[in-house]
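Quick notes on the structure that follows.
Side chains are part of it too, since the values below use all heavy atoms of this structure and drop only hydrogens, waters and symmetry mates. Keep in mind that what you see is a predicted model, and the values were worked out from it rather than measured.
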Amino acid sequence: MNRVATGIPGLDQVLMGGFNRGNAILVEGTPGAGKTNLGLQVVYAGATLHDEPGLIVTFEQFSHQMIRDAESLGWDLQALVDSGKVRIIPTSPAVFQQEMAGSDGLIADIVREMGAQRIVIDSVSHFARLYGDDAERREVFNALVNMLRRSGLTALLTREVRLRAGSGASEEVSFEQYVSDAALRLTYENVDATRRARYLEVIKARGQGFLPGKHLFEIGQGGLTVYPSYDPGELKGEPSNGPLERLSTGVPGLDEMLSGGLHRSFTTLVTGPSGVGKTVIGLQFLADGMKAGEPALYTSFRSGPGKLVRLARALEIPLATEEGGHIRFDCPHPAMMNPYRVLEDIIQAAEDEGISRVVIDSTREIEDAFRDEARYDQFVYTLVHRLYTCGVTTMLLGGPGKTEEPSAPASTSIGAIVDSIIGLCHVSTRGDIRQGIYVLKSPGSAHVNDIRPYSIATGGLKVATRRVTVWDD
């Protein structure tokens with residue numbers, strides 16, 4: 001079936017190609033979730049990107065308010081109104097319904113005159129004021145949807161929803177959901193005591209596939225950006241079918257423990273308590289790739305680029321080559337961090353800059369961005385698979401999960417998702433506290449199973465060739 005591209009980054013991926021043309025789509029959500037902005041963006045994108053004129057029917061705002069709000073997002077709605085590509089119609093539910101009922105009404109005339117193909121109606125909740133009975137409201141809504149279908153317009157109808165006390169999820173299954181061809185639900189939920197996040201979920205979409213689950217989205221300059229959360233069954237694609245290539249970690253002695261290094265395009269978790277040298281290993285891994293001509297990216301939620309540069313220089317770990325190769329640092333603030341946006345930025349860097357080695361520091365901040373372990377695990381699965389298909393060799397730096405003991409080697413769920421795990425720990429031996437490194441798993445490798453001591457000095461971390469043999473409790 002012919003699809004209508006929404007023009008919203010990420011949403012067409014969630015909808016597997018956009019909306020079915022001529023469908024009536026319900027966009028319901030909580031206050032501040034972004035319902036009106038989503039509708040405006042679909043109409044704006046239709047007019048500017050796809051030569052599809054559109055109507056904006058509002059029961060709440062005047063035209064100048066719509067134009068002002070659009071301008072704050074970087075959209076010149078006034079220019080589209082002046083050129084006849086968009087028409088804003090402030091009206092009332094009763095007048096709109098009457099005008100839509102006949103083939104010779106004002107709305108029908110406007111549709112024919114401008115060749116409109118998209119329409120947003122904001123919001124159908126106002127029809128409740130006209131009709132006190134649920135059965136009557138459903139009949140009126142059903143008649144409205146059928147009129148829109150006959151007109152051939154792809155229609156977005158916004159609707160407000162109520163919340164349970166103390167909950168971020170709406171409590172209603174509305175009759176509008178049953179009548180509409182597709183239904184999106186937007187929510188604005190508490191992540192923790194200081195942060196909130198917006199989510200989009202496709203409740204239904206007749207005659208088309210879509211990605212299930214909740215998808216994070218943001219509203220900024222340019223409008224909405226959706227970050228698809230892929231179900232494991234929806235992830236597809238493989239890198240080239242060549243032989244498994246080994247990459248050096250850049251850490252003397254560690255490649256030997258791994259029987260030759262890390263597999264290209266795989267994801268390795270480097271885990272251990274604070275202060276054991278995870279950041280140093282990450283810098284050495286990127287510096288080794290940079291010397292081999294592989295562009296590198298260090299994404300940190302814990303340290304700014306200045307601190308990372310000072311650490312590298314103190315240990316004489318090179319950050320650039322004479323040929324112009326360098327390690328790029330990206331350090332978003334953890335309070336403003338959207339894990340899915342970080343992932344999309346890495347994939348974009350891989351496509352645009354040829355980034356092939358990435359360090360992400362750390363998994364703890366990513367875990368904190370999610371309210372439950374299931375969402376966190378799903379994100380890590382998505383990250384591992386998508387970076388694998390992009391040919392990016394990834395090193396995740398992390399420690400024990402929020403509910404685990406500090407000595408735990410790795411979160412059980414993440415440990416099952418990543419390809420390799422390298423652990424760092426404190427070892428009590430002969431009365432001294434030393435540091436030890438071990439390989440917990442490495443697919444396709446006869447890796448060593450013992451704990452080996454290491455030191456951090458000029459050049460970075462160096463692993464001893466002997467194993468730790470004496471333990472004191």
Side-chain angles (χ1 to χ4, degrees), residues 248-258 261-262 267-288 298-304 307-317 327 331 334 358-368 394-412 414-415 418-442 447-473:
S248 173
T249 62
V251 178
L254 182 55
D255 290 348
E256 177 194 344
M257 295 182 69
L258 292 162
L262 301 173
T267 295
T268 299
L269 174 64
V270 179
T271 181
S274 178
V276 291
K278 300 186 295 292
T279 300
V280 177
I281 287 183
L283 289 170
Q284 287 176 260
F285 171 64
L286 297 187
D288 183 83
Y298 194 115
T299 297
S300 174
F301 315 124
R302 292 197 162 186
S303 303
K307 179 183 282 189
L308 293 168
V309 168
R310 287 195 296 273
L311 173 62
R313 287 175 177 170
L315 295 172
E316 298 184 10
I317 299 173
I327 298 174
C331 302
V358 170
V359 169
I360 300 176
D361 183 11
S362 76
T363 60
R364 182 57 185 270
E365 283 74 26
I366 297 175
E367 186 177 7
D368 287 343
T394 307
M395 188 173 281
L396 298 175
L397 310 185
K402 290 184 284 188
T403 60
E404 297 174 321
E405 295 296 323
S407 59
S411 166
T412 302
I414 296 177
V418 298
D419 302 296
S420 304
I421 301 176
I422 298 169
L424 291 83
C425 60
H426 297 296
V427 179
S428 175
T429 176
R430 294 178 179 174
D432 296 326
I433 299 295
R434 299 185 181 179
Q435 295 169 323
I437 188 168
Y438 57 93
V439 179
L440 193 61
K441 75 169 186 176
S442 180
H447 61 83
V448 300
N449 294 313
D450 52 321
I451 300 176
R452 296 190 176 183
Y454 65 89
S455 60
I456 299 177
T458 299
L461 190 145
K462 297 181 178 65
V463 179
T465 56
R466 60 182 174 86
R467 63 184 293 174
V468 175
T469 57
V470 180
W471 292 74
D472 294 335
D473 292 329

ask   = Can you tell me how far the CG atom of Leu315 sits from the OG1 atom of Thr458, to the nearest 0.5 Å?
value = 7.0 Å
message = Rounded to the nearest 0.5 Å, what separates atom CE in Met257 from atom CG in Asn449?
response = 9.0 Å
query = Side-chain contact, heavy-atom cut-off 4.5 Å: Phe301 with Ile366?
reply = yes
key: Reported OG1-to-CG distance for the pair Thr249 and Leu258, which is rounded to 0.5 angstrom   = 6.5 Å
query = Should Leu424 and Tyr454 count as side-chain neighbours, where that means a heavy-atom distance under 4.5 Å?
reply = yes
message = I'd like to know if the side chain of Asp419 reaches the main chain of Thr267, judged simply by a donor and an acceptor atom lying under 3.5 Å from each other, with no hydrogens or angles considered.
response = yes
inquiry  = If the condition is side-chain hydrogen bond (donor to acceptor under 3.5 Å, both in side chains), which residues does Ser248 pass it with, not counting sequence neighbours?
reply    = Asp255
request  = Using a 4.5 Å cut-off on heavy atoms from C-beta on, say whether the side chain of Leu308 contacts that of Ser300.
outcome  = yes
remark   = Rounded to the nearest 0.5 Å, the OG1 atom of Thr271 sits from the OH atom of Tyr438 at a distance of 6.5 Å
request  = Kindly write out the residues that satisfy side-chain contact (heavy atoms from CB on, under 4.5 Å) with Thr363, not counting sequence neighbours, or none if the list is empty.
outcome  = Leu269, Tyr376, Leu396
Show me the side-chain donor-acceptor pairs of residues 278-287 shorter than 3.5 Å, one per line, residues at least two apart or across chains.
residue : atom : partner : partner atom : Å
Lys278  : NZ   : Gly272  : O            : 2.9
Lys278  : NZ   : Pro273  : O            : 3.1
Thr279  : OG1  : Asp361  : OD2          : 3.4
Gln284  : OE1  : Leu461  : N            : 2.7
Gln284  : NE2  : Gly250  : O            : 3.3
Gln284  : NE2  : Leu461  : O            : 3.2

task = Mind checking the OG1-NZ spacing from Thr268 to Lys441? Nearest 0.5 Å is all I need.
result = 10.0 Å
remark   = Between the CE atom in Met395 and the OH atom in Tyr298, the distance rounded to the nearest 0.5 Å is 10.0 Å
message = Using the salt bridge (Lys or Arg N to Asp or Glu O under 4.0 Å) criterion, which residues pair with Arg302? Sequence neighbours excluded.
response = Glu365
query = Where do Thr465 and Glu256 come nearest, in terms of heavy atoms and distance?
reply = CG2-OE1, 4.1 Å
request  = Please name all residues satisfying salt bridge (Lys or Arg N to Asp or Glu O under 4.0 Å) with Asp288, sequence neighbours left out, ordered by chain then number.
outcome  = Arg357
request  = Tell me, please, which residues at least two apart from Ser442 pass side-chain hydrogen bond (donor to acceptor under 3.5 Å, both in side chains).
outcome  = Ser445
task = Specify the closest pair of heavy atoms between Cys331 and Gly304, including all atoms of both residues, with the distance to one decimal.
result = SG-C, 3.8 Å
